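The structure under discussion appears below in the form of structure tokens.
This structure is a prediction, so every number in the text was calculated from the model and none was measured. All heavy atoms count here, side chains included; hydrogens, waters and symmetry mates do not.
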Amino acid sequence: MAATSASRLDRPPAFPPYDVPVAYARGQLYSTKTQSFTLPPSCLLPPPPLPLACGGHGPVGCTYSAGSPPAFPAFPWAPPPPLPATRCSIAEIEESAKAEVEDNFSPRSVLTPWRRATPTPASPPPLPLVVGGKRAFDPTSDKTSLMICNIPNSFVKRRFMSILDQHCAQENDNPGWRVVGFVRSEYDFLYLPIDFRTKYNKGYAFVNMTTATAARRLHAFLHGHSWASIGSAKVCEVVYADIQGVDALSAHFSGSRFPCGGNKEYLPVRFGPPRDGHRQTVERVIGRAVPRPR
């Protein structure tokens, strides 16, 4: 009987109840009923790593030595130890070296700000055409050289100069020109092409006014004028010349030869100072007069 009891004392019970000893060490029993037990402060801390079983005899997690009471096992409801903090990393998105354009149909990059396409302003309609394929007069232009069309063929250069002098004198005699900023009406170039076979003009002339304001005044004076008083059915039209400026006009006609038999009245002329209807000017002929072919 004693041997049987001793053999049972050498191994731990299989299923210990709660009112019987909770641990066993070399034949000594520790009962929760007969021995008081104080909860150590270490149990308030996170549980340590679980060691191996005590010599293969006690429950896993108990740590004790012979002759000393075991430490209280960890509570199953104790909070788990905190995990080591880790930093989240976001991979950088490399922007393409090629800038995105508004008409590109490829997927837009997440780093490219969205831009609304700028609407293209509608171009203004072209000005209506007049006789000869010339564009209509633009009152906002800064051009100064004019082509005066539908001139009576009987006009010679001196008669047409008298019309221009009359217009400039009327504009410059206006009391308004004495105010600050008034622009005088003057012209410094004139060419009335002549048909040397018939000795009549070709129905048009080139005039360069010194300012765009003076050009607009001459347009208002002559454009739409009827020559019925001199027996002509023509109506004058004034448009901008293709060649602009007194220097450009002089350079264009300077190399020309005019088979007029030496009569320089048929050649282009440049005035200095410009003619204003009152002062005397010097005329410089442009081009070269040559004998008429026989």
Side-chain angles (χ1 to χ4, degrees), residues 123-161 163-165 167-168 171 183-227 232 234-260 264-276 281 283-290:
S123 58
L127 296 174
L129 294 175
V130 297
V131 177
K134 301 293 183 181
R135 296 293 178 183
F137 190 85
D138 183 7
T140 63
S141 176
D142 294 333
K143 296 179 179 180
T144 60
S145 300
L146 303 175
M147 180 179 182
I148 303 174
C149 307
N150 295 336
I151 299 175
N153 299 98
S154 60
F155 280 12
V156 294
K157 184 176 69 174
R158 294 296 169 181
R159 186 171 183 180
F160 193 67
M161 284 176 57
I163 296 175
L164 298 178
D165 290 342
H167 162 71
C168 292
E171 292 292 338
V183 179
R184 297 179 61 83
S185 290
E186 302 171 332
Y187 66 100
D188 53 9
F189 182 88
L190 173 62
Y191 176 45
L192 181 65
I194 299 294
D195 185 347
F196 300 115
R197 183 179 59 85
T198 63
K199 302 297 177 58
Y200 288 101
N201 71 67
K202 296 183 178 180
Y204 60 92
F206 298 100
V207 179
N208 183 74
M209 307 301 290
T210 55
T211 62
T213 302
R216 288 190 287 268
R217 291 173 185 166
L218 183 59
H219 173 270
F221 176 68
L222 285 180
H223 186 72
H225 176 72
S226 175
W227 305 105
S232 176
K234 292 183 177 181
V235 177
C236 186
E237 290 183 304
V238 181
V239 296
Y240 286 118
D242 292 338
I243 302 174
Q244 288 292 315
V246 60
D247 294 332
L249 288 169
S250 299
H252 178 74
F253 292 106
S254 62
S256 301
R257 294 190 176 190
F258 301 92
C260 56
K264 295 185 179 181
E265 285 294 318
Y266 299 146
L267 273 62
V269 60
R270 180 172 182 172
F271 305 101
R275 296 181 69 91
D276 62 354
T281 62
E283 300 180 10
R284 184 166 66 89
V285 176
I286 306 297
R288 182 179 178 183
V290 297

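Distance check: H225 NE2 to L222 CG gives 7.5 Å after rounding to the nearest 0.5 Å. We find the CD1-CG distance between I194 and L267 to be 10.5 Å, quoted to the nearest 0.5 Å. Distance check: L164 CG to M209 CE gives 7.0 Å after rounding to the nearest 0.5 Å. Interatomic distance, R288 CZ to F258 CZ, rounded to the nearest 0.5 Å: 12.5 Å. Distance check: Y240 OH to S145 OG gives 10.0 Å after rounding to the nearest 0.5 Å. Taking OG of S254 as the reference point, atom CZ of R270 lies at 10.5 Å (rounded to 0.5 Å).
When atom types are taken as modelled, the side chain of H223 and the backbone of V238 share a donor-acceptor pair closer than 3.5 angstrom.
When all heavy atoms of N150 and E237 are compared, the closest pair comes out as ND2-OE1, 3.4 Å. When all heavy atoms of C149 and V239 are compared, the pair lying nearest together is SG-CG2, 4.4 Å. The nearest pair of heavy atoms linking K143 to A215 is O-CB, 3.9 Å. Residue S141 comes nearest to A212 through the heavy atom pair O-CB, 3.9 Å, listed as atom of the first residue, atom of the second, then distance. Across all non-hydrogen atoms, the minimal contact from C236 to W227 is CB-NE1, 3.7 Å.
N201 and K157 form no side-chain donor-acceptor contact under 3.5 Å, judged by distance and modelled atom types alone.
Between V285 and P268, the closest side-chain pair of non-hydrogen atoms is not below 4.5 Å. The side-chain heavy atoms of R275 and L190, taken from C-beta on, include no pair separated by under 4.5 Å. Contact annotation: the side chain of I148 approaches that of L218 to within less than 4.5 Å [non-hydrogen atoms, C-beta and beyond]. Contact of the L146 side chain with the Y187 side chain is not registered, since no non-hydrogen atoms from C-beta on lie closer than 4.5 Å. For the pair H252/F206, no side-chain contact is recorded, criterion being any heavy-atom separation below 4.5 Å from C-beta on. At least one side-chain heavy atom of H167 sits less than 4.5 Å from a side-chain heavy atom of R217. Using a 4.5 Å heavy-atom threshold, the side chains of T198 and N153 count as separate. Proximity of I163 to F155: side-chain heavy atoms (C-beta onward) are separated by under 4.5 Å at one or more points.
Shown here are the ring pair (Phe, Tyr, Trp, His ring centres under 6.0 Å) partners of Y200, two or more places apart in sequence or in another chain: there are none. For D188, the side chain to side chain donor-acceptor pair (under 3.5 Å) partners two or more places apart in sequence, or in a different chain, are N208. The side chain to side chain donor-acceptor pair (under 3.5 Å) search around T210 returns none, not counting sequence neighbours.
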Chi angles and distances behind the salt bridge (charged side-chain N to carboxylate O under 4.0 Å, His left out) call for D142, R216: CA-CA 9 Å; D142 294 333; R216 288 190 287 268; 5.0 Å; no
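With salt bridges taken as basic N to acidic carboxylate O contacts below 4.0 Å, none links E171 and R184. Electrostatic pairing of R158 and D165 does not count as a salt bridge here, judged by no charged N lying under 4.0 Å from a carboxylate O.
Paired with V207 under the rule side-chain contact (heavy atoms from CB on, under 4.5 Å), one option of F189, F160, Y191 passes, and it is F160.
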